[in-house]
S.K.: 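Before I ask anything, here is the structure I am working with.
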Amino acid sequence: MALTAKPHRADARTQRPPFTAVVHSEWIKALSLPASVLALAGILAIGVGGSLFLGVTLESSGVPSVPSIERTLADVTVPTVVLGQIIAGIFGVMLIGAEYSSGAMQTTLTAVPHRMRVLAAKAVVALTAVTVVALVTVFVSWAVTNPIYAGFGLDAPLTAPGVMLALVGSAVYLGLCAVFGLGVTTLVRSTTAGSIIVFAATLLLPVLSSLLPFGLLSRVLRLALLGNAGDAMGRVGIEGGPFIDLWSGHISVGAGWTIAAIWAAGALVIGAIALRTKDA
């Protein structure tokens, strides 16, 4: 009689967990960090509070004589973009920096040996969490301030060309900043260093670039900066304008999306290479 060998069940330690399970685990870890929850709450509070402040002080600061949807929407998105980009980037920093500082990264990679799956799951959490919170922030900011601007004939309805895209673009930009923070911290493996890089890339470099002597190099640098790309994503674009105008320093909305995505993807790729080649 021939004996038929029964298929062996794979050892649970050698099974590769499904990607959804890895993402679920990363969600739990992110939301269990008080600092991460405070960061998300900070984006909402600063974005809504800042735009509301600009709205209620409109009359005292001077009502524009010419209605401009671009100017009105800038008051709605600028607090979220300018201040929220730093918080969003630090949120991404904390997703992996906290594990390196506590030594928990070794445990994570033991549970999920495929390192790229871990990093991809963290990127999904960073992008999704921050983008969703930022979406709520900009639409609430618009909802509470648009009636104020409407009283002066300066309202920016969602149906106006470019308004919806600017609101969504502001939120997606913050999500990309979170991915950028995740990527650079995977490379440097330090929460402090990652936070400094995020601050420099989003806020400091655009300011310093304006101090450079006016020339071809300074123009190219300004156009390529992450912070300037965020400004473009959060504003109403000029219909029919150029994609990028080197001489005037103009970045279109589409160019802003492209540049910000390159920064986030580049940081994530460099971080992935470091995570794959270096010991945990």
Side-chain angles (χ1 to χ4, degrees), residues 39 42-43 46-47 50-51 53-54 70-71 73-93 126-127 130-131 134 137-138 141 162 165-185 187-188 192-238 241-268 270:
I43 293 173
I46 289 176
S51 60
F53 174 79
L54 293 176
E70 293 81 0
R71 194 267 185 195
L73 199 65
D75 282 356
V76 175
T77 61
V78 161
T80 300
V81 170
V82 173
L83 299 177
Q85 62 185 348
I86 302 173
I87 302 175
I90 292 176
F91 177 85
V93 168
L127 180 64
V130 172
T131 300
T137 301
V138 292
S141 299
L165 180 60
L167 294 175
V168 173
S170 300
V172 173
Y173 170 66
L174 262 63
L176 293 175
C177 285
V179 175
F180 173 77
L182 172 67
V184 296
T185 308
L187 173 64
V188 299
T192 302
S195 300
I196 292 173
I197 294 172
V198 165
F199 176 77
T202 56
L203 193 62
L204 186 59
L205 288 180
V207 174
L208 293 179
S209 68
S210 64
L211 303 178
L212 294 174
F214 189 75
L216 180 61
L217 178 60
S218 63
R219 292 173 183 173
V220 172
L221 288 176
R222 292 189 191 104
L223 291 177
L225 291 177
L226 176 60
N228 291 341
D231 292 338
M233 291 176 69
R235 68 167 179 255
V236 176
I238 301 174
F243 187 73
I244 289 180
D245 190 337
L246 179 61
W247 299 111
S248 67
H250 169 75
I251 305 175
S252 67
V253 175
W257 280 72
T258 303
I259 294 170
I262 291 173
W263 274 83
L268 198 61
I270 293 173

S.K.: Under 4.5 Å between any side-chain heavy atoms of L182 and V93, yes or no?
M.R.: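 In short, these two side chains do not touch, never coming nearer than 4.5 Å.
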
S.K.: Could you tell me whether a side-chain N or O of W257 sits under 3.5 Å from a main-chain N or O of V172, the two making a donor and an acceptor?
M.R.: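 Not confirmed, W257 side chain does not pair with V172 backbone.
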
S.K.: I need the minimum non-hydrogen distance between F243 and G254, along with the two atoms involved.
M.R.: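 Residues F243 and G254, closest heavy atoms: CE1-C, 3.6 Å.
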
S.K.: To check you understand the geometry: which heavy-atom pair defines the closest contact between T80 and G47, and what is its length?
M.R.: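 For T80 versus G47, the nearest heavy atoms are OG1-CA, 3.3 Å.
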
S.K.: So T258 and I262, do their side chains get closer than 4.5 Å, heavy atoms only?
M.R.: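 Yes, side chains in contact.
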
S.K.: Over all heavy atoms of both residues, which pair between P206 and N228 is shortest? Give the atoms and the distance, please.
M.R.: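 Answer, listing the atom of P206 first, then N228: CB-OD1, 3.7 Å.
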
S.K.: Any ion pair linking D75 and R71 (charged N to carboxylate O, less than 4.0 Å)?
M.R.: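 D75 and R71: salt-bridged.
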
S.K.: State, with a plain yes or no, whether a side-chain heavy atom of R235 is found less than 4.5 Å away from one of I251.
M.R.: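 Yes, side chains in contact.
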
S.K.: Heavy atoms, side chains only, cut-off 4.5 Å: are L174 and S170 in contact?
M.R.: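 No, side chains not in contact.
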
S.K.: Evaluate the side-chain proximity of V130 to I43: yes if any heavy-atom separation is below 4.5 Å, no if none is.
M.R.: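 Yes, at least one pair of side-chain atoms sits under 4.5 Å.
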
S.K.: Determine whether F180 and V184 make a side-chain contact, defined as any pair of heavy atoms from C-beta on separated by less than 4.5 Å.
M.R.: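 With C-beta onward as the side chain, the pair touches.
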
S.K.: Decide if atom CZ of F53 counts as having more than 12 heavy atoms of other residues, nucleotides or ligands within a radius under 6.0 Å.
M.R.: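 Counting neighbours around CZ of F53, 12 or fewer heavy atoms of other residues, nucleotides or ligands fall under 6.0 Å, so no.
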
S.K.: Return the minimal non-hydrogen interatomic distance between Y173 and A260, and the atom names on each side.
M.R.: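 Reported closest heavy-atom pair: CD1-CB, 4.1 Å.
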
S.K.: Find out whether L167 and L73 are in side-chain contact, i.e. whether some heavy atom of one side chain is under 4.5 Å from a heavy atom of the other.
M.R.: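 Yes, at least one pair of side-chain atoms sits under 4.5 Å.
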
S.K.: Consider side chain to side chain contact (heavy atoms under 4.5 Å, CB included). Of T202, L205, D231, which one does L225 pass it with?
M.R.: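 Testing L225 for a side chain to side chain contact (heavy atoms under 4.5 Å, CB included) against T202, L205, D231 leaves exactly one candidate, L205.
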
S.K.: Identify the heavy atoms of V207 and L203 that sit nearest to each other, and give their distance.
M.R.: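 V207 and L203 have their closest heavy atoms at CG2-O, 3.3 Å.
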
S.K.: With rounding to the nearest 0.5 angstrom, report the OG to CD1 distance, S195 to I86.
M.R.: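 Separation between the atoms: 10.5 Å.
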
S.K.: Of all heavy-atom pairs between A126 and A178, which one has the smallest distance, and what is that distance?
M.R.: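 Closest pair (atom of A126, atom of A178, distance): O-CB, 3.8 Å.
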
